[in-house]
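So the structure is just underneath, and the comments pick up after that.
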Amino acid sequence: MAKKFELNEIEVWDGNMAAAQALRQADVDIVAAYPITPSTPIVQNYSKFLADGYVDGEFIMVESEHSAMSGCVAASAAGVRAATATSSQGFALMVEVLYQASGMRLPIVLTVVNRALAAPLNVNGDHSDMYLGRDAGWINLCSYNPQEAYDLTLMAFRIGEDLRVRLPVMVHQDGFLCSHTAQNVRPLQDEEAREFVGEFKAVNSMLDVSDPVTHGVQTEEDWHFEHKARQHHDMMSSFDVIREVFGEFKERTGREYDLVYTYKMDDADVAIVALGTTVESARVAADQMREKGVKAGVVSFRVLRPFPFNEIVDALGDVKAIAAMDRSAPGGTFGMLFNELGAALMAKGKRPILLNYIYGLGGRDTTINMLREVYEQLNECAQAGEAKYPLQQFIGLRGPKLSFY
Amino acid sequence: MAKDMKHIDIEEIQKLGWDELIPGAALFSFREPVEDVVEVPMEERPYAPTNSHEWQVGDWRVEKPVYNRDLCIDCQFCWVFCPDMSILSRDKKMIGVIYEHCKGCGICVEVCPTNPKSLLMFPEHMDNDEALKRWPQKEEKKKD
Amino acid sequence: MVKKIKNLKEFSLSNDRFEGANLMCPGCSHNIIVREVLNATNDPVIVATATGCLEVCTAVYPKTSWDVSWIHIGFENAAVAAATVSAAYEVMKRKGKLPPATQKMVDEGREPKIVAFAGDGGTYDIGFQSLSGAFERGHNFMYVCLDNEVYANTGGQRSSSTPIGASTTTSPAGSVSYGEKMQKKSMVEIMADHGAPYVAQVSPSKWKDLVKKVQKGFEVYGPVYINAQSACTTEWKHAPEDTIEVSDLGVESCVWPLYEIINERDEHGIIYSTKLNITYRPKKKIPVEEYLAAQPRFRHLFKPENRHIIDLWQKAVDARWEYLQRREEAGV
C-alpha cells in the first residue's frame, strides 16, 4: 500500500508537479514513460514519489515514447490503469500508437505539456503537438494553469474510464508558461482524490485466463468503417459524461468547468478565441479594453475533442468580430481554430468578422500589449462592419509584416 | 447497444451494424469461461462463434490427405508437424484428419515414416474409400 | 510448472490453444512453431504479436484463432507489449487484484507465461529498439522470433535477416546482381549480450529440442529470446509439403545451428557465467549447396557467374560452426 502524501490546503506547484501529483493520486497501475522537455519533471516527480513509497503501481522507464504509449496500450488491454506524459517530438513519435489506443478503446490518460515541433528544434511552448494529435480519436481537455492541469488530469480518468465512453484522454498544458510556473494549487487530499477517481473497471481484461480475448484485430473494407463509426459515435456522446464529471467535481471542490470557457462574453462585441495560457493573458487584455469602453471577451475550448459545436457558437453569441488565435504553424492554410470556428459559425447561420492570428510559435512571448492590439483591430472591424485587416496575420514576428488575404 | 457476440450466431454477426459492435473490436474465444483450457479437448470446448475453429478452410485444397489406419504406427509426426491443427490424435492414437481445417499442404504425408505411407494425397473429389482401395504397395528400398 | 513431455506420443496429448481455419499459407512454419511453443506448457499463456503474417492471418475480424488472450498493437512494439502485460500481471498479483480464475492458477503454481511472437522484420529491423529496451529492463517474458528471413507479409522484401544471395522483391537477382548483398545479422548473440538469462536458436523440425528450450525459457525469470527458423513456402518458394525437409536441411548443413546461451547471475544480478551449448550436432554435416538447392530463392546462385556466392556461403557457415564449437569448448 502506498504511503499517504501529506498535502497542505494550498500547495505551490508548477503544472508539471500538479500533473504528477494527479497521476500519483489516481493510483495508476502502470506508468510507462520517457523523458522529454518540458514534461520531463512529470516523469521525474513521479519517480521520486515512487522512490519515497508514495506509489503502489509500476513505473516503467521505457526506451522511447513509442514504447511508452505501446506499454500503456498493452497495460490498459491487460485491464489495468495506465498513464503517461510527453511533449512535442515525443508526442510525434507516439502518434502511431495514439490511434491504436483510441481504436482499441483503451482509457489511457496522457498529460501533454505542449511544445513546438522541429525543425528548427525548439523546446518551448506552442500548440503544434496538440494540433498534430487532435484527430487521433482522443478526448482533448485543455488547461490554462497548474490548478486546472491538476483538476483535469484527475477528471480525465473518470471521463475516459466511464463505461459509456472508454476512450483515451489527453490533458494539455502549455510548456513552461504552465508546466514550469509555480502557482497556488488547492489539491484534494489523497483519499478524496482516490474516492473521486474510483477503482479501475477492467473491460475484456487479458489477464483473465479463463476468458481469452483478442485485442487489436485486423479489419478491412467490410468492418473498419463500422468500427470507426462506433468510435466516433461514442466520442460524440461523451459530452454527457464530461458534464457529469465536471458537475461532480464542482460539488466536491467548488471549481467549475464547462465544455467551453468564457470570460465576459455576456455583452461582448469582440472576442479572442485562444488556447492555453494565452487565455489568462487575454483576460487581462479584455479587462483593460473594457476600461477603454471596448466590450471585449474571451472564449476558449475546455474540451477540444469532442468539438463542442453548439456550445462554442452559443458562447460567441452575437459578437461582431472574433480573433481565432492559433499557436501552431498553419502549414499552408488558416489555423485550426479559424477553420473550425468558421465552419461552426457558418453552419449555424452566423457571420461575424473572423480573423486568424498566428502567434507565439516556438515560445515567442505573447504580451498583453499584443493582445490589446488584436482587440483594437477587432474593434475597428466591428465598428466598420467589415474586415479592415488581412484574414491571416502573423503577430510578434520580426521582419516585414506577414499576412494573407 | 453492443450485441453479445459470444451468444449470437455467425450469420447474425456478419450483419451487425456499427451501433451493435463491441467497442474496440475485441473478439472472444469462448461462449463462457473455460477454467483450464488445456484440460478441455476441442470437441468439448464452448467455442464462441468468433473463434476460427467454427469456420473452415477446406475449400483451399485441390488434394486431400487420406489416412490409412491399417498402416499407421501412431508415431505422431503428422500431429506435431501439422501447421493447421488438423490431425486428430487422442490417447496417443492418430484418429484422422480434420478436413474443415486442413489446407492440403501435404506435410503430414511427407513426414509419415511408414512404408507404404499411412497418409497419402488424393484428388479432393475422390471418395476416401476409393482412395484406400488404390493405396500403393510397399516400396522396395532403393540401393545406392 | 514444467509439463512432462518424454516423447512425441506424450506430447500429442496436448490440447492446442491455437486454432484451425486461420488464414496462414498451407505448409507455413509459423503455425508449427506457435503450436510447439504453446504446447510446451500447460500453464496459462498470454500472447502479443507484431504486425506480420501471424497477426494478419489469425485475428481477421470477426474471427480469432487464439484460445489464449492475445494482443496486437503494431509492427515495432510486440516486445514492449508483452513486457508491459507481464508488468501489469505482476502489479495485479502484488495488489491481490488478479481475476479469480487467474489467481486460482497462480495458487496452483501455474503462473501465466507471457509470449511475444514477431517475424524477423518486427525483430531484426523495426522492432529492434523496443526489443532491446524490454530486454535491458529485464521483464519476465519470452520473445519468439519467427525468422523467415524476409518481409513475407508484404510480398517478400529483404530484411536484415535475409541471407546473402537470396532473391527478394527488393534485392532481386538480375543480370548484374546475385540478390541480397549483406550477411544475415547475428540476432542470437546480440540478444544474449543484453544479459538475458536464456537465449536459444531452434527449428520446428527438431520439435523436442524446441520444446525443451521453450520449457527452459519458461523456467527462468527474465527476458528470454528464441530465434526460430521458419521456412517460408511462399518466399523461399519451396513446395508446401517440403517445409520440414527444408528446415532439416538448414539444421543438418549447420546453416541453422541449434544452440543456446545461458547467462547465470548471482544474487546481485552480476553475470558470473555465460555458457554456449550446441544442442544438436549433425551426424554428417551436409554441404550448404543442398540447402540452397532446395529453395528457388537461391536458384540463380547455381549459374556459373554466381557460383562464388555458394562458396562464400559454405565458408561463412563453416566459420560460424567453428566459432560456436570453440565457444562451447571454452565454456563462454
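Chain identifiers are assigned alphabetically (A, B, ...) following the order of the sequence lines, protein sequences preceding nucleic acid strands; residue numbering begins at 1 within each chain.
Of the listed residues (Arg94(C), His139(C), Lys97(C), Glu55(C)), the one with the most heavy-atom contacts under 4.5 Å to chain A is Arg94(C). No other option in Asp211(A), Val217(A), Asp222(A), Val97(A) has as many heavy-atom pairs under 4.5 Å with chain C as Val217(A). In terms of non-hydrogen atom pairs under 4.5 Å with chain A, the most contact-rich of Ile73(C), Thr64(C), Ile46(C) is Ile73(C). Per-residue heavy-atom pair counts under 4.5 Å with chain A were compared for Ala79(C), Ser132(C), Pro44(C), and the maximum is reached by Pro44(C). Per-residue counts of heavy-atom pairs under 4.5 Å with chain C were compared for Ala32(A), Gly57(A), Ala75(A), Ser210(A); the largest is that of Gly57(A). With respect to chain C, the highest number of heavy-atom pairs below 4.5 Å among Ile60(A), Val213(A), Val80(A) belongs to Val213(A). With respect to chain A, the highest number of heavy-atom pairs below 4.5 Å among Pro62(C), Ala48(C), Ser86(C) belongs to Pro62(C).
Side-chain contact between Phe128(C) and Met187(C): present, with at least one pair of heavy atoms (C-beta onward) separated by less than 4.5 Å. Inter-residue side-chain proximity for Ile126(C) and Thr51(C) is flagged as unmet; no heavy-atom pair is nearer than 4.5 Å. Inter-residue side-chain proximity for Val214(C) and Glu36(C) is flagged as unmet; no heavy-atom pair is nearer than 4.5 Å. Counting heavy atoms from C-beta outward, Ser160(C) and Lys185(C) have side chains that approach closer than 4.5 Å. In this structure, the side chains of Gln231(A) and Ser102(A) come closer than 4.5 Å at one or more pairs of heavy atoms.
Ion pairing between a basic and an acidic side chain is recognised when a charged N comes within 4.0 Å of a carboxylate O; Asp135(A) and Arg305(A) show such pairing. Ion pair Asp162(A)/Arg158(A) not flagged as a salt bridge, since none of the NZ, NE, NH1 or NH2 atoms sits closer than 4.0 Å to an Asp/Glu carboxylate oxygen. Under 4.0 Å is where a charged nitrogen must lie from a carboxylate oxygen, and between Asp16(C) and Arg35(C) at least one such pair does. Between Glu19(C) and Lys63(C) there is no salt bridge, since no side-chain N of the basic residue sits under 4.0 Å from a carboxylate O of the acidic one. Ionic pairing of Asp27(A) and Lys95(C) is present here: one or more N-O contacts between side-chain nitrogen and carboxylate oxygen are shorter than 4.0 angstrom.
Within the 4.5 angstrom heavy-atom criterion, only side-chain atoms of Met104(A), from C-beta onward, approach chain C. The contact between Glu76(C) and chain A is made entirely by side chain atoms (from C-beta outward), counting heavy-atom distances below 4.5 Å. Contact annotation for Asp56(A): both backbone and side-chain heavy atoms come within less than 4.5 Å of a heavy atom of chain C. Contacts of His227(A) with chain C are made by side-chain atoms alone, with heavy-atom separations under 4.5 Å and no backbone atom involved. Heavy atoms of Val47(C) lying under 4.5 Å from chain A belong exclusively to its backbone. If you measure heavy-atom distances from Ala78(A) to chain C, the contacts under 4.5 Å come from the side chain alone. Interface remark: Val91(C) contributes side-chain atoms only to the contact with chain A (heavy atom separation under 4.5 Å). Contacts between Leu207(A) and chain C at a heavy-atom distance below 4.5 Å involve backbone atoms as well as side-chain atoms. Residue contact with chain C, scored on non-hydrogen atoms closer than 4.5 Å, involves the backbone and the side chain of Glu58(A) alike. Using a 4.5 Å cut-off between heavy atoms, Glu199(A) touches chain C through its side chain atoms alone. When heavy atoms are compared at a cutoff of 4.5 Å, Glu96(A) approaches chain C solely by way of its side chain, counted from C-beta outward.
In this view, Tyr46(A) and Phe59(A) satisfy the ring pair (Phe, Tyr, Trp, His ring centres under 6.0 Å) rule, not counting sequence neighbours.
Of residues 103-120 of chain C, those residues lying under 4.5 Å from chain A by any heavy-atom pair are Met105(C), Pro112(C).
The closest side-chain donor-acceptor pair between Thr169(C) and Tyr151(C), if any, does not fall under 3.5 angstrom.
Nearest heavy atom pair, residue Leu23(A) against residue Val28(A), reads O-CG2, 3.3 Å. Summarising the geometry of Leu154(A) relative to Ala193(A), their closest heavy-atom pair is CD1-CB, 4.2 Å, with the distance given to 0.1 Å.
By the 30° and 60° cut-offs, the orientation of the rings of Phe5(A) relative to Tyr54(A) is tilted.
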